[in-house]
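This structure is a prediction, so every number in the text was calculated from the model and none was measured. In what follows, every chain begins at residue 1, and chains take the letters A, B, ... in the order their sequences are listed.
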Number of protein chains: 2
Amino acid sequence: MNSNFNIENFYYNFSCNCNKAQKKTFSKGQIITTYIQKRNQLCILLKGNADLVRYDLNGNRTIVEHFSKNALFGEVFYKVTTNNELLVEAKSKCTVLFYIYDQLKEPCTHGCEFHNTLAEHLPELILDKITELNTRIELLTQRTTRDKLLMYFSLISTRKLSKTFELPLSLTDLADYLSVDRSAMMRELKLLKEDKMVDKIGNRIILLYE
Amino acid sequence: MNSNFNIENFYYNFSCNCNKAQKKTFSKGQIITTYIQKRNQLCILLKGNADLVRYDLNGNRTIVEHFSKNALFGEVFYKVTTNNELLVEAKSKCTVLFYIYDQLKEPCTHGCEFHNTLAEHLPELILDKITELNTRIELLTQRTTRDKLLMYFSLISTRKLSKTFELPLSLTDLADYLSVDRSAMMRELKLLKEDKMVDKIGNRIILLYE
DNA sequence: CATAATATGTAGCTTATGCAACAGAAAAAA
DNA sequence: TTTTTTCTGTTGCATAAGCTACATATTATG
């Protein structure tokens, strides 16, 4: 999170008595939402982990984004332009808040504080999203699988402030996130271990360089 | 452009008497700006074409974004997180308007209409940027050079409403934009011609499928 | 205009990556 | 618990894509 505003601080205060928000719970594997044109949904992941997944015509699966607690998603942040399917899948038990953007940005007639504070901070939250997207682009423009892995590890390491961390994604999902073949990625991971660049115990990564 | 607001409509009215904006002209090849942390510049390309270019530690050059008339850019849309150099290079004679985001978002004390209208429409403009970035991500997640080319052509074709169009980038730049090797891209382009998928006369592309 | 600089187009060789297939480990479901 | 499913780890093979080099075309520049 780059902005000063943090949803978490008042997630516990969440008592929305306005009818603009809908709160739902999903179990692992369920589809939280499918992106459709002209709806402009804005969702907040209050609890759990989820993936925005795209299936293209060649059958390739791409993890477009990985969401953890307090992440924002929905059509507001991804205008549907192509005819590929875009699904948000729950990776664990999830609690999600649903808004419609056009309603959210108007002041709440019920004086709902959560609603109003969220609307007020929307511009910064959207700018944070832009930063995330640019980071993702930087990751995807890495030319080799090795460079993609190293940059990905470096990003997580910086975020966690530690050279040791658990992968937030399974290796299968990581391959789909980096847009590379899984077995090729596994091979590269082995080479990175042989070159003493990283160590790996289960899903725990240890960066050895620098 | 997805939003209803279009800068072009009042670009001609531009007569900013507030001291918040700076207007400058650049000739081809000049550096318009270098992205630096914590400045939050917002720039509008009033005239010309420019590229946001990144040079990484391996010497790879990536065209992160290509800007044409009325495009918005600057640190507002790209928080500098890594230590790669980010430059905006003029590809032709350019006229650029510079703002600092924090000043822009406040109402103009000089009653400058351009300033105020721009500030008012900023949220939509930023959401448009998000759409662009997502499109770019979709492009970069294409697994093969062929698929990248076909998707890129398809995007331009949709934008121009025509199966025939001039490439907005040179082929050398296109390779850096798609994050592939230029010679490999040329080879694939030749194969696409042989397969009667596209035709190509100079920098003019003709889509033959469907 | 001449000359320099940059872009395009092509080829040979090498390597990285995708694909298919499978075995064992781990996790989920019955 | 047992069974089923999903994930991890690995290999051989085929091929896409990177790298180098160079010739020609096109575009800038003095």
Side-chain angles (χ1 to χ4, degrees), chain A residues 27-30 49 51 53 56 58-63 89-93 140-150 166-195 198-205, chain B residues 26-30 48-49 51 53 56 58-63 66 89-93 140-150 166-195 197-205:
Chain A
S27 52
K28 182 178 170 167
Q30 280 193 295
N49 294 286
D51 287 337
V53 182
D56 70 16
N58 306 325
N60 285 320
R61 169 176 175 268
T62 304
I63 295 188
E89 294 178 0
K91 301 297 285 184
S92 62
K93 197 164 178 289
L140 289 169
T141 53
Q142 299 303 307
R143 306 294 174 102
T144 62
T145 303
R146 169 173 288 231
D147 286 341
K148 284 181 177 178
L149 279 171
L150 287 175
E166 293 287 329
L167 286 174
L169 294 166
S170 72
L171 293 167
T172 304
D173 286 353
L174 181 56
D176 288 341
Y177 184 74
L178 300 179
S179 207
V180 295
D181 177 73
R182 186 189 63 83
S183 71
M185 189 192 81
M186 295 297 287
R187 179 170 41 208
E188 200 54 48
L189 213 42
K190 200 171 69 171
L191 292 174
L192 279 171
K193 281 174 75 173
E194 283 172 23
D195 293 351
V198 305
D199 208 351
K200 179 175 170 303
I201 304 157
N203 265 28
R204 174 163 288 270
I205 298 290
Chain B
F26 300 87
S27 53
K28 182 177 170 168
Q30 279 194 293
N49 295 285
D51 287 337
V53 182
D56 70 18
N58 306 324
N60 284 320
R61 169 175 174 269
T62 304
I63 296 188
H66 175 71
E89 295 178 359
K91 300 297 286 183
S92 62
K93 196 163 179 292
L140 289 169
T141 52
Q142 300 301 309
R143 307 294 174 103
T144 62
T145 302
R146 170 173 285 233
D147 286 341
K148 283 181 177 176
L149 279 171
L150 287 175
E166 293 288 328
L167 286 175
L169 295 167
S170 72
L171 292 167
T172 303
D173 287 352
L174 181 56
D176 287 342
Y177 184 73
L178 300 180
S179 206
V180 295
D181 178 73
R182 186 191 64 84
S183 70
M185 190 191 80
M186 296 298 285
R187 177 171 44 207
E188 199 55 46
L189 213 43
K190 200 170 71 170
L191 292 174
L192 279 170
K193 281 173 76 173
E194 282 171 23
D195 293 350
M197 296 288 283
V198 306
D199 208 351
K200 178 174 171 303
I201 303 155
N203 265 26
R204 175 162 288 270
I205 298 290

For B:T144 and for A:K91, find the nucleotide of DNA chain D with the closest heavy atom, then tell me which residue's nucleotide is more 5'. A:K91
Do you know the tightest heavy-atom contact between A:R143 and B:V180? NH1-O, 3.7 Å
Which nucleotide wins on minimum distance to the side chain of B:R187, given the candidates C:dT8, D:dT8, C:dC13? C:dC13
B:D195 CG - D:dA16 P separation (whole Å): 11 Å
Measure the distance from CG on B:L191 to C1' on C:dT10 and round it to the nearest whole Å. 12 Å
Of B:M185 and B:K28, the one whose closest nucleotide on DNA chain D sits nearer the 5' end is B:M185
Main-chain N/O of A:D195 paired with A:K193 side-chain donor or acceptor, under 3.5 Å: no
From CD of A:E194 over to P of D:dG9, roughly how many Å is that when rounded to an integer? 14 Å
Counting distance only, does the side-chain N/O of A:D181 pair as donor-acceptor with the main-chain N or O of A:S183 below 3.5 Å? yes
Is there a donor-acceptor pair closer than 3.5 Å between any side-chain N or O of A:K200 and the backbone N or O of A:G202? yes
Given atom CD of A:Q142 and atom C1' of C:dA16, what is their separation to the nearest angstrom? 16 Å
Rounded to the nearest 0.5 Å, the CG atom of B:N49 sits from the NE2 atom of B:H66 at a distance of 4.5 Å
D:dG9 phosphate, OP1 or OP2, under 4.0 Å from A:K200 side-chain N/O: yes
OP1 or OP2 of D:dG9 sitting under 4.0 Å from any side-chain N/O of A:K190? no
Nearest whole Å is fine: how far is D:dG12 P from A:D181 CG? 16 Å
For B:L167 and C:dT8, give me the distance from atom CG to atom C1', rounded to whole Å. 13 Å
Ignoring backbone atoms, establish whether B:T145 has a side-chain N or O less than 4.0 Å from OP1 or OP2 of D:dA17. yes
Between B:N203 and C:dT8, is there a contact of a side-chain N or O with OP1 or OP2 at under 4.0 Å? yes
Distance test, side-chain N/O of A:S183 to OP1/OP2 of C:dC19, below 4.0 Å: no
Counting only side-chain heavy atoms from C-beta out, which of D:dC7, C:dT17, C:dA21 sits nearest to A:R182? C:dA21
Mind calculating the distance between NZ (A:K148) and P (D:dA17) to the nearest angstrom? 12 Å
Rounded off to whole Å, could you give me the CG-to-P distance for the A:L174 and D:dG9 pair? 12 Å
